[in-house]
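Heads up: the structure comes next, in structure tokens.
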Amino acid sequence: MGVNKGDVLIIPAPNNKHKKDENKMTIHWQQMFRQRDGDYYVLVAKNKTQSNAKVPFYIQSEWYNEQGFNTAYNMRRIDDDNYEITIDDRHQYGSTNIWGQNQFIVWHDKDRKPYADRFLEKGFFTSGTQTAADVFRVLSGDVADTIQNTGGAIAQKIEVIGGSFIGIPLRTF
């Protein structure tokens, strides 16, 4: 079940519980013949429209703060830990294969042009954090891999996932 334009996602609030360095990753890409990079927070959102299905959600680090969330478009604070956001053409998505399965959402300045595979960097997924394990489970479709098993097997699987769609750009809703 993928995310669709108009779906409502529940996003973890940018507080001390979720805004941790361990949940941040640096994405590297080339654009206009220049090397670029940007920091993103990796979160697990819930798709309220689709029975709270878990959705990996990457947000440009400069945008993940209380000030930005409180003044952002269509953001609705629902409690101390969560906001609601409606997916629209300001969001992009990638997936783990060409059929669009196992989607992840990216909310960033769309002048940034990283390919989708850059968001599947194996270093983050083998970091041993709970968020890394949760995002990996959603993207891989496996519930068997757990936080205790973030070694070689997961790294190999991430290489396979990333290798299956290298060079496919993020798509806009």
Side-chain angles (χ1 to χ4, degrees), residues 1-29 37-88 90-96 102-110 112 114 116-143 145-150 154-155 158 161-162 170 173:
M1 194 179 310
V3 177
N4 300 303
K5 189 173 186 175
D7 283 2
V8 175
L9 298 187
I10 299 171
I11 309 299
N15 55 29
N16 292 336
K17 183 177 179 183
H18 303 288
K19 189 176 178 177
K20 300 177 185 177
D21 283 344
E22 67 189 30
N23 293 337
K24 188 191 285 189
M25 70 185 293
T26 301
I27 304 294
H28 302 278
W29 72 95
D37 60 66
D39 290 332
Y40 290 79
Y41 280 96
V42 185
L43 310 167
V44 178
K46 294 179 183 174
N47 190 336
K48 184 177 177 180
T49 308
Q50 297 185 28
S51 304
N52 288 325
K54 291 181 179 180
V55 180
F57 191 89
Y58 296 79
I59 183 169
Q60 183 175 326
S61 66
E62 297 87 353
W63 294 4
Y64 192 53
N65 57 61
E66 288 292 337
Q67 181 181 1
F69 263 41
N70 288 330
T71 59
Y73 73 99
N74 270 348
M75 296 292 289
R76 296 169 299 283
R77 188 171 200 135
I78 56 175
D79 59 37
D80 286 342
D81 268 350
N82 299 287
Y83 282 82
E84 284 184 350
I85 189 168
T86 302
I87 295 297
D88 60 23
R90 296 176 229 196
H91 300 95
Q92 294 186 302
Y93 66 95
S95 62
T96 58
N102 306 322
Q103 279 183 337
F104 57 89
I105 306 304
V106 180
W107 188 22
H108 65 164
D109 179 344
K110 289 197 299 186
R112 294 180 173 193
D117 70 299
R118 304 305 188 261
F119 291 89
L120 299 175
E121 200 272 326
K122 74 178 181 182
F124 174 76
F125 292 101
T126 60
S127 66
T129 68
Q130 187 62 51
T131 299
D134 291 345
V135 170
F136 176 78
R137 269 190 228 106
V138 174
L139 289 175
S140 70
D142 283 346
V143 292
D145 291 310
T146 62
I147 194 70
Q148 291 80 26
N149 186 25
T150 57
I154 289 179
I158 289 297
I161 289 172
L170 292 168
F173 282 96

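Note that the coordinates shown come from a computational prediction; the quantities given were computed from them, not determined experimentally.
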Return the minimal non-hydrogen interatomic distance between Asn65 and Pro14, and the atom names on each side.
C-CG, 3.5 Å
Between Asp81 and Asn15, is a side-chain contact (heavy atoms from CB on, under 4.5 Å) present by the stated rule, with each step listed?
CA-CA 7 Å; Asp81 268 350; Asn15 55 29; 2.8 Å; yes
By salt bridge (charged side-chain N to carboxylate O under 4.0 Å, His left out) - contacts of Asp37 (at least two apart):
none
Consider only side-chain N and O atoms of Arg118 and Tyr40, and report whether a donor and an acceptor are under 3.5 Å apart.
no
Sidechain-backbone polar pair: Tyr58 side chain, Phe119 backbone, donor-acceptor under 3.5 Å:
yes
Distance, nearest 0.5 Å, that separates CG of Asp7 from NE2 of His91:
11.5 Å
I'd like to check the side chain to side chain contact (heavy atoms under 4.5 Å, CB included) partners of Asn16; sequence neighbours left out, ordered by chain and number.
none
Closer than 3.5 angstrom, by distance alone: can the side chain of Ser61 be matched with the main-chain N or O of Tyr41 as a donor-acceptor pair?
no
Would you compute the distance between atom CD1 of Ile11 and atom CG of Leu43 and round it to the nearest 0.5 angstrom?
7.0 Å
Pair Lys54 + Asp134, salt bridge at N-O below 4.0 Å:
no
List the atom of Asn102, the atom of Leu139, and the distance in Å for their closest heavy-atom pair.
ND2-O, 3.0 Å
How many angstroms lie between CE in Met25 and CG in Asp39, if you round to the nearest 0.5 Å?
10.0 Å
When rounded to the nearest 0.5 angstrom, what is the spacing between CG in Asn23 and NE2 in His18?
9.0 Å
Under 6.0 Å from the NZ atom of Lys19, do we count more than 12 heavy atoms belonging to anything else shown?
yes
To check you understand the geometry: which heavy-atom pair defines the closest contact between Phe57 and Ala45, and what is its length?
CB-CB, 4.1 Å
Sequence-distant partners of Lys20, salt bridge (charged side-chain N to carboxylate O under 4.0 Å, His left out), two or more places apart
none
Would you say Asp79's side chain and Asn82's backbone share a donor-acceptor pair under 3.5 angstrom?
yes
Side-chain donor/acceptor of Glu84 to backbone N/O of Ile78, under 3.5 Å:
no
At their closest point, which heavy atom of Trp107 faces which heavy atom of Arg90, and how far apart are they?
CD1-O, 3.7 Å
Within this structure, what is the CE-OG1 distance for the pair Met75 and Thr86, rounded to the nearest 0.5 Å?
10.0 Å
Which heavy atom of Ala116 sits nearest a heavy atom of Gly94, and at what distance?
CB-CA, 4.2 Å
May I ask you to test the Thr131-Glu22 pair for a side-chain heavy-atom distance under 4.5 Å?
no
Looking only at heavy atoms, what is the nearest atom pair of Ala13 and Tyr64, with distance?
O-OH, 2.9 Å
With rounding to the nearest 0.5 angstrom, report the CZ to CD1 distance, Arg76 to Ile10.
10.0 Å
Given side-chain contact (heavy atoms from CB on, under 4.5 Å), test Val3 with Phe173 step by step and report yes or no.
CA-CA 9 Å; Val3 177; Phe173 282 96; 4.0 Å; yes
Are Leu170 and His108 packed together at the side-chain level, in the sense that at least one heavy-atom pair is separated by less than 4.5 angstrom?
yes
